[in-house]
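We name chains A, B, ... by the order of the sequence lines, and we start the count at 1 in each one.
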Amino acid sequence: MKKKIEQLIKNAIFSAVDAGELSLFNRARDQFYVDAAKDSKHGDFASTIALVIAKPEKKSPHDIAKIIIRRIDDLDNILEKIEIAGPGFINFFIKDIAERDALYGVLNEIEVQGANYGRSDIGNGKPVQIEFVSANPTGPLHIGHGRGAAVGDSLARLLSFAGYDVKKEFYINDFGSQVESLGNSIYARYALLSSGRPHGYYVSPPHGDDFSSGPPEDAPNLYLGEYISDLAQEFKARPEFEKLSEDEKKLYCREEGIKTMLRQIEDTLSKFGVSFDEWYSERKLYDPKDNLVRAAIDELREKGLVFEEGGAVWLRTTRFGDDKDRVLIRNNGQTTYFASDIAYHRDKFLRGFKEIIDVWGADHHGYIPRMKAAIQALGHNPDEFNVLLVQLVNLMREGQPVKMSKRAGTFVTLEEVMDEVGTDACRFTFLLRRPDSHLDFDLDLVKSQSSENPVYYVQYAHARLSSVFRQAAEKGIALPPIEQVNLSRLSLPEELAIIKRLSAFPELVEKAAEAKEPHRLTYYLQELAGELHSYYFRHKFISDDLELTYARMYLVEAVQQVIKTALNLLGVNAPGSM
RNA sequence: GCGCCCGUAGCUCAGGUGGAUAGAGCAACAGCCUUCUAAGCUGUGGGCCGCAGGUUCGAGUCCUGCCGGGCGCGCCA
């Protein structure tokens, strides 16, 4: 219906241009600023086109509106009337019959397309890669990773539904000092276990088992979490481990530590409903046979963007808007994290992705300019590389923030949070707000208020409808094919309003995908669920009036389908009963 | 000091790329289970959109300055 209105305006403008009443300027435009009117006094659809083009046309909006209206050719006879209102809004009133026919058509569409209703091809098969979580394999995932996982995974689902060819990737930082520390930490614990200290503490902490005051002074770079001593004890129990030399044991601690942590991370994410197409190891970038870091630096060098100073090798990122130039190779010969990242992102493009999305913690935002600069230095359009910032989560308990430090070993893991509040509530809560807004996640609140949690409100709508269908089945109601159902029995304002909302779903998907904002879906879901609950309370769906019953069954079936589809895009379950 | 993000109801936040009278949940108060699930529904109150200018037909939305909060500014990752 909206498309039809747009077409009418377009034709009217073109006709006016041909007649010389409007300038050619507007022919180039493909937007006609049509929107569903918020207030029914303003009709069904409203266009601001006259206001928008008033300036370049050098005419008053009112005059332009008059010209357009005069030239609108309502071939399908769908318009009741057109009005000019306010400063120059053009309000379209659709004939009742025409509007209702269009709405019933939506129910048909949903019935036919099922789970594919809302699917779009705006992505046009464009290969997009989205990298998220990418936590260091030096400890368990925490709640911040959970938020990144929920946002990244949901965005991937959304983009895929909108027609993009999406691949999800996890970047493993298994090279450099972080994993070195992991290995050392485990080995140190092991050494202490072997020296007869039963708990394997590196030093005796001043307050018993409590590391919340920070790492011991004589071992500032060690991870102190309980999982470290767990790993040490686990390795110590392995026969193959005890046979190794001390040097080999250190290596073993690092390598097996990484492996074990990665396995844990993968398990947690899988439990969270998140899987990846690719786990990309940083070590791969240093593979001697095709040293990608060297290749990346060489490429940049050939472009004359690399220079040496103070014994270090630099990239001239200031050429592309960065504050200062950045080091690629330190004067001790070691490459920087930045160098790895450049090689990694270069490889992403080499693998054929046309757009790259990175989901980062907001505390890394200062890193964006240099990365954008690097992308340009490699000869790419900076728009092909987008960073989505996810604000860190404040984990609360009883209204008090839970202080967490990986080093000190005091943190609540994502796994624990999931077990406490449930994965559905967890994911939905993360997607309730814009990713870049701060989020207080109070465990006790989410737990105790679980019955008032928006996720249950939405899921309940779905479950409730399942229950209705069970009732209908019990009563022996067999739904005839939709062509044989008199949908025009759906005439209540709330029924038409619900269908209208259903009809808005495909556009919502497209807009949310374009804006990369999955949280719009959660808002839509709450609104739709609200309308459904209200409708349910006021009207019986199953009644002696079979014709009406059939029509309503198709309506609520469509509602259930859209709820299910949208929940699925969020990675949240749509239960049949609760 | 410089840079980025944020400031909307008592609280937590939406506000679709500038549109008509700024919304929702929670909290508060008053009601609704002989009815397909009360994890639900109905109603009420609540606002200087941080402040001050600017851009234009029109600003919560865009620009500038200030105030207040968060984060970042390494040859760390």
What nucleotide among [options] has an atom nearest to a side-chain atom of [X]?
{"X": "A:K324", "options": "B:C41, B:C73, B:U35", "value": "B:C73"}
{"X": "A:I542", "options": "B:C36, B:G19, B:C41", "value": "B:C36"}
{"X": "A:E517", "options": "B:G15, B:C36, B:C6", "value": "B:G15"}
{"X": "A:R464", "options": "B:C36, B:A14, B:A38", "value": "B:A38"}
{"X": "A:Y523", "options": "B:G15, B:A77, B:C13", "value": "B:C13"}
{"X": "A:A85", "options": "B:A20, B:C75, B:C71", "value": "B:A20"}
{"X": "A:T336", "options": "B:G19, B:A77, B:C36", "value": "B:A77"}
{"X": "A:D436", "options": "B:C6, B:C13, B:C36", "value": "B:C6"}
{"X": "A:S177", "options": "B:C76, B:C36, B:C32", "value": "B:C76"}

Between the base of [N] and the side chain of [X], is one N or O donor paired with an acceptor at under 3.5 angstrom?
{"X": "A:D35", "N": "B:A20", "value": "no"}
{"X": "A:N331", "N": "B:C75", "value": "yes"}
{"X": "A:H365", "N": "B:C71", "value": "yes"}

Residues [X] and [Y] bridged, charged N to O under 4.0 Å:
{"X": "A:K348", "Y": "A:D358", "result": "yes"}
{"X": "A:R294", "Y": "A:D298", "result": "no"}
{"X": "A:E494", "Y": "A:R501", "result": "no"}
{"X": "A:D545", "Y": "A:R489", "result": "yes"}

Using atom [atom1] of each nucleotide, how far apart are [N] and [M] to the nearest Å?
{"N": "B:C33", "M": "B:A39", "atom1": "P", "value": "15 Å"}
{"N": "B:G23", "M": "B:G70", "atom1": "P", "value": "32 Å"}
{"N": "B:G65", "M": "B:C29", "atom1": "P", "value": "47 Å"}
{"N": "B:C49", "M": "B:C73", "atom1": "P", "value": "36 Å"}
{"N": "B:A52", "M": "B:C57", "atom1": "P", "value": "24 Å"}
{"N": "B:A77", "M": "B:C13", "atom1": "C1'", "value": "33 Å"}
{"N": "B:G15", "M": "B:A20", "atom1": "C1'", "value": "16 Å"}
{"N": "B:G25", "M": "B:U8", "atom1": "C1'", "value": "15 Å"}

Can you tell me the distance, in whole Å, between the [atom1] atom of [X] and the [atom2] atom of [N]?
{"X": "A:N394", "N": "B:C71", "atom1": "CG", "atom2": "P", "result": "9 Å"}
{"X": "A:Y367", "N": "B:C73", "atom1": "OH", "atom2": "P", "result": "12 Å"}
{"X": "A:H438", "N": "B:C6", "atom1": "NE2", "atom2": "P", "result": "10 Å"}
{"X": "A:R520", "N": "B:C13", "atom1": "CZ", "atom2": "P", "result": "19 Å"}
{"X": "A:Q560", "N": "B:C36", "atom1": "CD", "atom2": "C1'", "result": "13 Å"}
{"X": "A:I477", "N": "B:C36", "atom1": "CD1", "atom2": "C1'", "result": "9 Å"}
{"X": "A:R434", "N": "B:G25", "atom1": "CZ", "atom2": "P", "result": "20 Å"}
{"X": "A:L521", "N": "B:G15", "atom1": "CG", "atom2": "P", "result": "13 Å"}

Partner nucleotide, any strand, of [N] [Watson-Crick/G-U, under 3.5 Å]:
{"N": "B:C57", "result": "B:G19"}
{"N": "B:G7", "result": "B:C67"}
{"N": "B:C49", "result": "none"}
{"N": "B:A28", "result": "B:U44"}
{"N": "B:G72", "result": "B:C2"}

OP1 or OP2 of [N] under 4.0 Å from side-chain N/O of [X]:
{"X": "A:S437", "N": "B:A14", "answer": "yes"}
{"X": "A:R330", "N": "B:C76", "answer": "yes"}
{"X": "A:Y457", "N": "B:C41", "answer": "yes"}

Report which part of the nucleic acid [X] touches: base, sugar-phosphate, or nothing (heavy-atom distance under 4.0 Å, all strands).
{"X": "A:G310", "result": "base"}
{"X": "A:S534", "result": "sugar-phosphate"}
{"X": "A:N91", "result": "base"}
{"X": "A:H539", "result": "base"}
{"X": "A:A46", "result": "base"}
{"X": "A:Y536", "result": "base"}
{"X": "A:E309", "result": "base"}
{"X": "A:K540", "result": "base"}
{"X": "A:A312", "result": "base"}
{"X": "A:A461", "result": "nothing"}

Before we go on, tell me: are the rings of [X] and [Y] under 6.0 Å apart, centre to centre?
{"X": "A:Y286", "Y": "A:F175", "value": "yes"}
{"X": "A:H345", "Y": "A:F385", "value": "yes"}
{"X": "A:F541", "Y": "A:Y535", "value": "yes"}
{"X": "A:Y457", "Y": "A:H533", "value": "yes"}
{"X": "A:Y456", "Y": "A:F428", "value": "no"}

Checklist entry - Take atom CZ in A:R470; do more than 12 heavy atoms of anything else shown fall under 6.0 Å from it? => result yes
Checklist entry - Does the aromatic ring of A:H519 sit over the six-membered base ring of B:A14, closer than 5.5 Å centre to centre and tilted less than 30°? => result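 So A:H519 does not count as stacking on the base.
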Item to check | Face-to-face stacking of A:F89 with B:A20, centres under 5.5 angstrom, angle under 30° | outcome: yes
Next on the checklist: Is B:C26 syn or anti, taking syn as a glycosidic angle within 90° of 0?
Outcome noted: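 Here B:C26 takes the anti form, which means its glycosidic angle is more than 90° from 0.
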Checklist entry - So which one's nearest nucleotide on RNA chain B is more toward 5', A:D325 or A:T48? => result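 Between the two, 5'-proximity favours A:T48.
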Checklist entry - On RNA chain B, nearest-nucleotide positions of A:G86 versus A:G311: which is more 5'? => result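 Closest to the 5' end, via its nearest nucleotide, is A:G86.
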